[in-house]
Amino acid sequence: MELANTLSQDGESRGGVLAHLERLETQVSRSRKKMEEPQSAQAEESALGTRIHELRRLRDKLRAEVKQHQASVKASTTNVEPDQTLEITEQESLKRKWENVKAILQAYRFTGISGKLTSRGVCVCISTAFEGNLLDSYFVDLVMRKPLQIHHHSIPVFIPLEEISAKYLQTNIQHFLFTLCEYLNAYSGRKYQADRLQSDFEAFLAGPLQRNSLCNLLSFTYKAEPEGQSFPFCARLLYKDLTTTLPTDVTVTYQGKRKYCTFCSHD
Amino acid sequence: MRREPAGDVVRAKQMDETVSEFFRRTILKIPLTEMMTILKTWNFLSENQLQTVNFRQRKESLVQDLVLLCEENRASLNDAALLDIIYTQFHRHQKVWDVFQMSKGPGEDTDLFDMEQFKSSFKKILKRALKNVTVSFRDAEENAVWIRIAWGTQYRKPNQYKPAYVVYYSQTPYAFTSSSQLKSNLPLLGQALTIASKHHQIVKMDLRSRYLDSLKAIVFKQYNQIFETHNSTTPLQERSLGLDINMDSRIIHENKTEKERVQRVTQEIFGDYPQPRLEFAQYKLETKFKSDLNGGILAEREEPLRCLVKFSSPHLLEALKSLAPAGIADAPLSPLLTCIPNKGMNYFKIRDK
């Protein structure tokens, strides 16, 4: 550019050849640029073109992948349902089995003696019944220790629990439970019969039914016919054997005089 | 206009003044809110008769009307005694109850307890010993009897205003008696009970409370009635520790393990069931002084110290149960405190062994 400056300072005399050369030079550089521009443009163009191609290719590739994925998902959902139902049925069957076992454990009480393990031992349940009627249940909570102990229980106080445990608890647990079972079933049975007599035969009873805690002595006055002029009889039932539900002695009197003799039914 | 046979009117007016007064004072005791219920339980005055009475008038006048009705019905001393029993049954907490334990000889025959036999035997024994005594019975529940005894002496009629009560459950060795002020008659009462119920011996237990039902639960061992079964719908889970689960997570319980231990120990000793209700526990100590410090005046004392420690509470056992969880006492509590329901005692004498 100094050349241009010197030329302009010098005036027109030098402008001739140098200026001409300069002009030529700039012309050449311009034309070179112009020549290059389309080239670079071309290069750019071709670069862009290749880029476009690449991007198109990528796009197609991704589109294909998406389609494939969708197709595979569709395929997998149709495949997954049978798998899941398999799992569900397994779960259900396990649950059913568990409930079945639980129900069996619960149903054990119908055998008369059942139990459940506790943190300190076992809780035994004695379910009483009489003539097909399920009656009260009684519990004995045992502590597994030497000596075996009763932690707490729901046996009525008039059942001789202390006697029975003194005899059998330490030596023969089975016998202990069976004896207790005997006493409780007999008591339940007698109580049930006394309750039914009071409720179902109210019309026949001429007065209240006298009974005691063990229901082993019943005393009542009854008429053979609920209405009418039949005479009242006094009945007295004694159950000397606490393990049975049938009386051992029965006395029926009429106006103080024995109408029927007592009979004893010992084994 | 009702026609009354003349004889009845005369007889009605002949009701003993003392009986009439006894009726008046017994009915006067009954609170107005309970009047109808108690009279209906008594079942002596009929529905029609009760309807003729104005229950909204002043109590004094109401009582007068009722006494007149009783006179019309020719009520006897026994009827009045029965009303007194019913009042006491409704207000059993007003009396303090003792417990007696009876025992039989070994190898006795099956107990064929006859309630009528028991009643007549009991009455006979008392009447043979004391000419002047009023004995009345009222059956309760399935197998129990309430006995009311008004004591007199050889020369004095029975005092109806200081009766003793006995509650007895057939074929059990326990009898509950209201502490009678006339202590001299206690041996006779014991004897009558023992013989009539076909036992050999009777012993007073060291157990006393106002709450008859709690005493019954203790001696019949009915206070712990929770049992684990497969049938229970709610499993016996470990109790949440009273530490609120929703509590702020920024709060840390430093002594959580100790709290858990205390809760566990308390639950083992006292269980999950409601405790029977007692008002006090009394410890009579006759022990020598024990001290960690050497010397001191009391340490040299040879004779045992005598003192009385009494714990009182509206609900003693629940209070004891809450001591350790509240941080007031160490867990486990002294066995002297925790043995109360098991041993059936709330009076203790402690001596050096």
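Keep in mind that the numbers below use all heavy atoms, side chains included, and drop hydrogens, waters and symmetry copies. Naming: A, B, ... by sequence-line order, numbering from 1 per chain.
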Chemist: How about CD on Glu116(B), more than 12 heavy atoms from neighbouring residues, nucleotides or ligands closer than 6.0 Å, or not?
Modeler: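 More than 12 within 6.0 Å, yes.
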
Chemist: Please check if the side chain of Asn212(A) supplies one atom and the backbone of Phe113(B) the other of a donor-acceptor pair under 3.5 Å.
Modeler: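 Yes, because the side chain of Asn212(A) sits within donor-acceptor range (under 3.5 Å) of the backbone of Phe113(B).
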
Chemist: Give a yes or no on this: more than 12 heavy atoms of other residues, nucleotides or ligands lie within 6.0 Å of atom CD of Gln174(A).
Modeler: no

Chemist: Do Arg236(A) and Asp114(B) make a side-chain contact, defined as non-hydrogen atoms from C-beta onward lying under 4.5 Å apart?
Modeler: yes

Chemist: Take atom NZ in Lys119(B); do more than 12 heavy atoms of anything else shown fall under 6.0 Å from it?
Modeler: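 It does: Lys119(B) NZ has more than 12 such atoms within range.
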
Chemist: If I measure from the heavy atoms of chain B, does Arg109(A) come under 4.5 Å with its side chain, its backbone, both, or neither?
Modeler: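 Contact with chain B is through the side chain of Arg109(A) alone.
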
Chemist: Any heavy-atom pair between the side chains of Tyr169(B) and Val157(A) that's under 4.5 Å?
Modeler: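 Sidechains of Tyr169(B) and Val157(A): no contact.
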
Chemist: Would you indicate whether Gln201(B), at its atom CD, is surrounded by more than 12 heavy atoms from other residues, nucleotides or ligands within a distance under 6.0 Å?
Modeler: no

Chemist: What is the minimum heavy-atom distance between Phe227(B) and His152(A), and which atoms define it?
Modeler: CE2-CD2, 3.2 Å

Chemist: Leu218(A) versus chain B, heavy atoms under 4.5 Å apart: side chain, backbone, both or neither?
Modeler: neither

Chemist: On a heavy-atom basis, which atom in Asp111(B) and which in Asn216(A) lie closest, and how many Å separate them?
Modeler: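 Of all heavy-atom pairs spanning Asp111(B) and Asn216(A), the closest is O-ND2, 3.0 Å.
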
Chemist: Taking atom OG1 of Thr229(B) and atom NZ of Lys116(A), what is their separation to the nearest 0.5 Å?
Modeler: 7.5 Å

Chemist: Please look at Ser219(A) and chain B and tell me whether the side chain, the backbone, both or neither of the residue comes under 4.5 angstrom of a heavy atom of that chain.
Modeler: neither

Chemist: What distance separates Arg211(A) CZ from Asn143(B) CG, expressed to the nearest 0.5 Å?
Modeler: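 Output value for this atom pair is 9.0 Å.
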
Chemist: Can you tell me how far apart CD1 (Ile159(A)) and CD (Gln171(B)) are? Round to the nearest 0.5 Å.
Modeler: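 It is 9.5 Å, given to the nearest 0.5 Å.
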
Chemist: In terms of heavy-atom contacts, does CZ of Phe201(A) have more than 12 from other residues, nucleotides or ligands at under 6.0 Å?
Modeler: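 Open.
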
Chemist: Could you look at Tyr239(A) and say if it's the side chain, the backbone, both or neither that has a heavy atom under 4.5 Å from chain B?
Modeler: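 The answer is the backbone of Tyr239(A).
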
Chemist: Atom OG1 in Thr172(B), atom CG in Leu214(A): separation rounded to 0.5 Å?
Modeler: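 The CG atom of Leu214(A) is 10.5 Å from OG1 of Thr172(B), to the nearest 0.5 Å.
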
Chemist: I'd like to know if the side chain of Gln225(B) and the backbone of His153(A) have a donor-acceptor N/O pair within less than 3.5 Å.
Modeler: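 Checked: pair present.
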
Chemist: Between Gln210(A) and chain B, with a heavy-atom cut-off of 4.5 Å, which part of the residue counts as in contact: side chain, backbone, both or neither?
Modeler: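 The answer is the side chain of Gln210(A).
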
Chemist: Check whether any side-chain heavy atom of His230(B) sits under 4.5 Å from a side-chain heavy atom of Lys102(A), and report yes or no.
Modeler: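 No, too far: nothing below the 4.5 Å cut-off.
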
Chemist: Under a 3.5 Å distance rule, please check whether Ser170(B) uses its side chain to pair with a backbone N or O of Ser213(A) as donor and acceptor.
Modeler: yes

Chemist: Determine whether more than 12 heavy atoms belonging to other residues, nucleotides or ligands lie under 6.0 Å from atom NZ of Lys124(B).
Modeler: no

Chemist: Name the member of Ser114(A), Cys123(A), Pro156(A), Ser137(A) that forms the most heavy-atom pairs with chain B at distances under 4.5 Å.
Modeler: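 So the answer, after comparing Ser114(A), Cys123(A), Pro156(A), Ser137(A), is Cys123(A).
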
Chemist: Considering non-hydrogen atoms only, spot the tightest contact between Glu228(B) and Leu117(A) and give its length.
Modeler: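 Looks like OE1-O, 3.9 Å.
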
Chemist: More than 12 heavy atoms of other residues, nucleotides or ligands under 6.0 Å from CD of Glu99(A): is that the case?
Modeler: yes

Chemist: Would you say Phe130(A) has more than 12 foreign heavy atoms packed within less than 6.0 Å of its CZ?
Modeler: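 Count over threshold, so yes.
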
